[in-house]
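These notes are about the structure you will find just below.
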Amino acid sequence: MPKLNFHRSILPLEARTCAPGATAYFRGAVERNYALLPPEGVLDSRMPDYAGTIVRFLASPKMGAGFVQTMLLVAPGGGTSRPRNDGLQHFLLVQEGTFNLGIEGFCEGHELTEGGYAYVPPGVPFTLKNEGDRTARVLEFYRPYVPAEGLATPGPVVSNIAQVEKVNHTGNPGRGWQHLLPDDLAFDMEMNVLSFAPGTHFPSVETHIMEHSLFLLKGQGMYLLDRDWHEVWAEDYIWMGPWVPQQFYATGWDESAYLLYKDVNRDVSFG
């Protein structure tokens, strides 16, 4: 029988991080093929590439993921200490604040506000600076690019979620997709925002080859991971390995939405 993790639903908002009398209450999970990380358990780190910046690692190959997902909390005037170029492809999404973005050969001094995002191709240096007067937040995703014969490496993309059309692939009322990257085989990944009206859900339990990185932007719901149901809230992070059974349905009173990565458009690797 699936395990039900309902603990958080019975706690008031101010007590979500710790049940009464329990100093080690933990709502998340780290399993062989998935992980759920509530924000209160993620510790602060730093990186030489960023000044005035707290780095919170949410996923990495140490966990079993094929990518790195971080949250950056950038103080006013902080950001990249030098052009960042690790040879990997990067995706950036601004959650709060205003950033100055530079991508070599593409844009300099571009303003990214809340909901703004950028795709930086592999091997292309970029800079990111907090131009505001308060701490700003940005999600940074990065991983190696998988080239494909006959296809050129994709170019940079800079836009804002508010400018991306919401579509419905299934016809089920209350569900929406915003595709943040072009529909182009040159990309070996997708970044999408999926939205759910209260009560909407996947039509089935999914089991597929794609690996996922999921950050809940708003709302709440119940997420099936492997054989366990977990109650999830805004600011929660989920890693899902290939083939892990998964399903989501939205609860609460407001729309739920999450940023979702998946690897696509490439054959199976035997390496």
Side-chain angles (χ1 to χ4, degrees), residues 1-9 27-38 58-59 64-67 69 91 93 115 117 139 141 161-162 164-185 187-268:
M1 288 290 290
K3 293 184 292 184
L4 297 175
N5 292 344
F6 286 125
H7 308 292
R8 192 165 184 173
S9 64
R27 186 173 54 85
V30 180
E31 303 291 343
R32 176 189 62 82
N33 55 356
Y34 76 86
L36 164 63
L37 302 182
L58 302 175
F67 55 82
Q69 175 71 64
F91 182 88
L93 172 65
Y117 66 89
L139 295 172
F141 173 98
I161 291 174
V164 180
E165 179 187 9
K166 183 182 291 189
V167 297
N168 187 325
H169 298 299
T170 64
N172 297 336
R175 294 191 62 190
W177 285 258
Q178 290 172 283
H179 300 284
L180 306 187
L181 298 178
D183 182 12
D184 185 338
L185 282 173
F187 287 92
D188 65 351
M189 57 182 270
E190 287 186 8
M191 282 289 184
N192 304 318
V193 173
L194 277 61
S195 57
F196 299 79
T200 55
H201 52 82
F202 292 4
S204 63
V205 176
E206 296 184 359
T207 50
H208 52 67
I209 194 172
M210 282 85 86
E211 183 181 26
H212 287 323
S213 176
L214 185 158
F215 189 90
L216 197 62
L217 299 170
K218 61 180 179 178
Q220 65 188 78
M222 296 296 299
Y223 221 106
L224 174 67
L225 297 166
D226 201 354
R227 293 191 174 276
D228 302 330
W229 282 101
H230 299 267
E231 189 169 15
V232 295
W233 296 70
E235 301 294 318
D236 283 349
Y237 175 77
I238 297 174
W239 164 65
M240 286 174 271
W243 307 113
V244 63
Q246 57 187 272
Q247 187 180 32
F248 176 75
Y249 70 86
T251 59
W253 303 104
D254 301 313
E255 182 182 67
S256 297
Y258 52 72
L259 177 69
L260 185 71
Y261 152 84
K262 62 181 177 180
D263 49 334
V264 296
N265 297 337
R266 296 295 185 268
D267 199 355
V268 174

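None of the values given here were measured: they were computed from a predicted structure. Throughout, numbering of the chain's residues begins at 1 and tracks the sequence. Note that these values count all heavy atoms, side chains included, but never hydrogens, waters or copies made by symmetry.
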Aromatic ring proximity Phe202/Tyr249, centre distance under 6.0 Å: no
Side chains of Glu211 and Trp239 only: does a donor on one sit below 3.5 Å from an acceptor on the other? yes
Compare every heavy atom of Asp254 with every heavy atom of Pro198, then report the nearest pair and how far apart it is. CG-O, 3.5 Å
Give every donor-acceptor pair under 3.5 Å between a side-chain atom in residues 173-182 and any protein atom, sequence neighbours left out.
from: Gln178; atom 1: NE2; to: Ile161; atom 2: O; distance (Å): 3.1
from: Gln178; atom 1: NE2; to: Val164; atom 2: O; distance (Å): 2.9
from: His179; atom 1: ND1; to: Asn192; atom 2: OD1; distance (Å): 3.0
from: His179; atom 1: NE2; to: His169; atom 2: NE2; distance (Å): 2.7

Rounded to the nearest 0.5 Å, the CD1 atom of Ile238 sits from the CD atom of Gln69 at a distance of 12.5 Å
Can you check side-chain contact (heavy atoms from CB on, under 4.5 Å) on Arg27 and Asp236, steps first, answer last? CA-CA 10 Å; Arg27 186 173 54 85; Asp236 283 349; 2.8 Å; yes
pair Ser195-Lys166: side-chain heavy atoms closer than 4.5 Å: yes
Rounded to the nearest 0.5 Å, the CG atom of Asp226 sits from the CH2 atom of Trp243 at a distance of 14.5 Å
Can you name the closest pair of heavy atoms from Met222 and Trp229 and give their distance? O-CZ3, 3.7 Å
Verify side-chain contact (heavy atoms from CB on, under 4.5 Å) between Phe248 and Phe196, making sure each step is shown before the conclusion. CA-CA 9 Å; Phe248 176 75; Phe196 299 79; 3.7 Å; yes
Decide yes or no for Asn265 and Leu185: does some side-chain heavy atom of the first lie under 4.5 Å from some side-chain heavy atom of the second? yes
Assess whether side-chain contact (heavy atoms from CB on, under 4.5 Å) is satisfied between Tyr237 and Leu36, documenting all intermediate values. CA-CA 6 Å; Tyr237 175 77; Leu36 164 63; over 6 Å; no
Does Leu260 form a side-chain contact (heavy atoms from CB on, under 4.5 Å) with Met191? I'd like the steps, not just the answer. CA-CA 6 Å; Leu260 185 71; Met191 282 289 184; over 6 Å; no
Non-hydrogen side-chain atoms of Leu259 and Leu93 separated by less than 4.5 Å: yes
Determine yes or no for a side-chain-to-main-chain donor-acceptor pair under 3.5 angstrom, with Asp263 supplying the side chain and Met189 the backbone. no
Hey, are the side chains of Glu235 and Phe215 touching, using non-hydrogen atoms and a 4.5 Å cut-off? yes
Taking the side chain as everything from C-beta on, heavy atoms only, tell me whether Met240 gets closer than 4.5 Å to Leu225. yes
Verify salt bridge (charged side-chain N to carboxylate O under 4.0 Å, His left out) between Arg266 and Glu190, making sure each step is shown before the conclusion. CA-CA 12 Å; Arg266 296 295 185 268; Glu190 287 186 8; over 6 Å; no
Please name the pair of heavy atoms, one in Thr251 and one in Ser256, separated by the smallest distance, quoted to 0.1 Å. O-OG, 4.4 Å
Is a donor from one side chain sitting under 3.5 angstrom from an acceptor on the other, for Tyr258 and His212? no
Does the side chain of Tyr223 come within less than 4.5 Å of Leu214's, by heavy atoms? yes
Here the gap from Asp228 atom CG to His230 atom NE2, rounded to the nearest 0.5 Å, amounts to 4.5 Å
How long is the span from the CZ atom in Phe67 to the OG atom in Ser213, to the nearest 0.5 Å? 4.0 Å
